[in-house]
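Below is one structure, written out as structure tokens; the observations come after it.
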Protein chains: 2
Amino acid sequence: MTFRPDHQPEPGDATRTRLLDAAERLFAEKGFEHTSVRDITANAGTNVAAVNYHFGGKDNLYREVFHRRLADLRERRISTLADLFESPGGTATLEDVVSTFTSAFLEPLMDHSEGRLLIELIAREMVSPHLPRVVFFEEMIDPVRESLGRALRSVVPGLTEDQASRCVHSIIGQLVHVIHHAQLSEQAGRQPQEELDLHTIADHVTRFSIGGIRAIAGQS
Amino acid sequence: MTFRPDHQPEPGDATRTRLLDAAERLFAEKGFEHTSVRDITANAGTNVAAVNYHFGGKDNLYREVFHRRLADLRERRISTLADLFESPGGTATLEDVVSTFTSAFLEPLMDHSEGRLLIELIAREMVSPHLPRVVFFEEMIDPVRESLGRALRSVVPGLTEDQASRCVHSIIGQLVHVIHHAQLSEQAGRQPQEELDLHTIADHVTRFSIGGIRAIAGQS
DNA sequence: GACAGATTCAAACGAGCGTTTAGAATGAAT
DNA sequence: ATTCATTCTAAACGCTCGTTTGAATCTGTC
């Protein structure tokens, strides 16, 4: 406290940032309903009123937790897929597309970084939404879905738009299920291999989905 | 009222049954957290205290809603799969197993019967559990998973136990995702084709999963 | 050092929740 | 008709929640 004289990080935003961090962690761990404003402010080391002063309510804080990260994540998701088709000159395969997407989805769960919390938040929000549709689905989920659908169609010639869309749902359904399963297992106390296991699971989802897509494309 | 003298249906259980029915519907529609005891008792046409008188609390009522249906459902799920291997003398195919399971899972959603509510309840409970693990997962989910895993292995010779287990997760992940998607779409106001659509989706999940399982089985 | 705005705080508010209670209605048995 | 346990009801209890309030504290400026 005594030293370190002149450059605190973002003078007025310290409390605001601590609130966002605490809220992100607690919402990801326990969900919106089971996280009280008093939980958040206690973890942020501040007063109950701080949430309403800085964000104008619990709902707005929740929205802001997503807002802080969503744009960046969506861009990375989509551009990672787009990169596949630009660099080497159209040599991307179905394997590339599916394994790239699956890895991007599951990798944040393997390292214990901040990225993990966002993935867990998204998995929760997809199942029991608290954000207005336009904020989450229309700005985040739908673009990613469309991007993956387009990528699939470009590497699997026979695939119709509807078929691609349903394949996207099949992939995302598997991935969200994996995340929920991991969350529940962790809550239940056990914390097993995890790292090795998630690689195995990512591999499985990739292979399974590739086989599934080929089967869909190869029908009437 | 005046006539029909001697055989009312279960004299003392009328209120109890109305509570179970109302609770089942509301829990399925809005989830455990967003359904209050006052909601339930108002829909059942009785007093707030009735829940505690007949069930001893909201949690026990929730448990009883499942208890009333789970045993029957689990038996039907497992025996439907088991029937495939008994009647015609082992001619069951992978297509039979997957399409039987998928249909059993999604059909209750197509007719608007009582079965629909239970499926929606299960999808909710799998994602945010309120029952003790032993009641729901160990008595319902795990046996069904094992049953499906065994069925898969018996029609796909190369499949290891771990591979089969992961394929089961892939199938269930897709199906749960479909149900959540249907619930969210319905909540969002629109009520589109539904019936035709669910047949298409069931078909898709079946084909996709068969292709996925074959791909998993055909690897090193 | 005094002022003004921004920030934090302890305390309380009002609403909704699950639950409890005491007593009134009900219905069958004596 | 009286008894008695069962069932139902209106009212309240205690608690947690998100939010508000008004004063205290901090921060930078003249």
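First the proteins, then the strands, lettered A, B, ... as listed; each starts at 1.
Looking only at distances, a side-chain donor or acceptor of B:Glu125 sits under 3.5 Å from a matching main-chain atom of B:Leu131.
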Side-chain donor-acceptor contacts of residues 144-153 of chain B below 3.5 Å, not counting sequence neighbours, with atom names and distances?
from, atom 1, to, atom 2, distance (Å)
B:Arg145, NH1, B:Asp142, OD1, 3.4
B:Arg153, NE, B:Leu159, O, 3.1

Side-chain donor-acceptor distances from residues 174-183 of chain A under 3.5 Å, at least two apart:
from, atom 1, to, atom 2, distance (Å)
A:Gln174, OE1, B:Ser170, OG, 2.7
A:Gln174, NE2, A:Ser170, O, 3.3
A:Gln174, NE2, A:Ser209, OG, 3.1
A:His180, ND1, A:Val176, O, 3.4
A:His180, NE2, A:Ala123, O, 3.3

Could you list the donor-acceptor pairs under 3.5 angstrom formed between side-chain atoms of residues 101-109 of chain A and any protein atom two or more places apart in sequence or on another chain?
from, atom 1, to, atom 2, distance (Å)
A:Thr102, OG1, A:Val98, O, 2.8
A:Ser103, OG, A:Ser99, O, 2.8

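Legend: salt bridge (charged side-chain N to carboxylate O under 4.0 Å, His left out) pairs involving residues 36-57 of chain B, not counting sequence neighbours, sorted by first then second residue: B:Lys30-B:Asp39.
Counting to the nearest Å, the P atom of C:dG23 and the CG atom of B:Asn47 are 16 Å from each other. Between A:Arg16 atom CZ and C:dT8 atom C1' the separation is 16 Å, expressed in whole Å. The distance between atom CG of B:Leu19 and atom C1' of C:dT19, rounded to the nearest whole Å, is 15 Å. Computed from coordinates, the B:Phe55 CZ to D:dT7 P distance equals 12 Å when rounded to whole Å.
Residue contacts for A:Ala50: at a heavy-atom cut-off of 4.0 Å it reaches no nucleic acid atom on any strand shown.
Partners of A:Thr160 by side chain to side chain donor-acceptor pair (under 3.5 Å), not counting sequence neighbours, listed by chain and number: A:Gln163.
Within the structure, every side-chain polar atom (N or O) of B:Thr15 is placed at least 4.0 Å from both OP1 and OP2 of D:dT7. For D:dT6, neither phosphate oxygen OP1 nor OP2 lies less than 4.0 angstrom from any side-chain nitrogen or oxygen of B:His54.
Here the nucleotide nearest the side chain of B:Tyr53, chosen from D:dA10, D:dT6, C:dC9, is D:dT6.
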*Sugar-phosphate atoms are those with a prime plus P, OP1 and OP2; base atoms are the rest. Using that split, label each nucleotide of nucleotides 13-18 of chain C B, S or - for protein heavy atoms under 4.0 Å, 5' to 3'.*
----BB
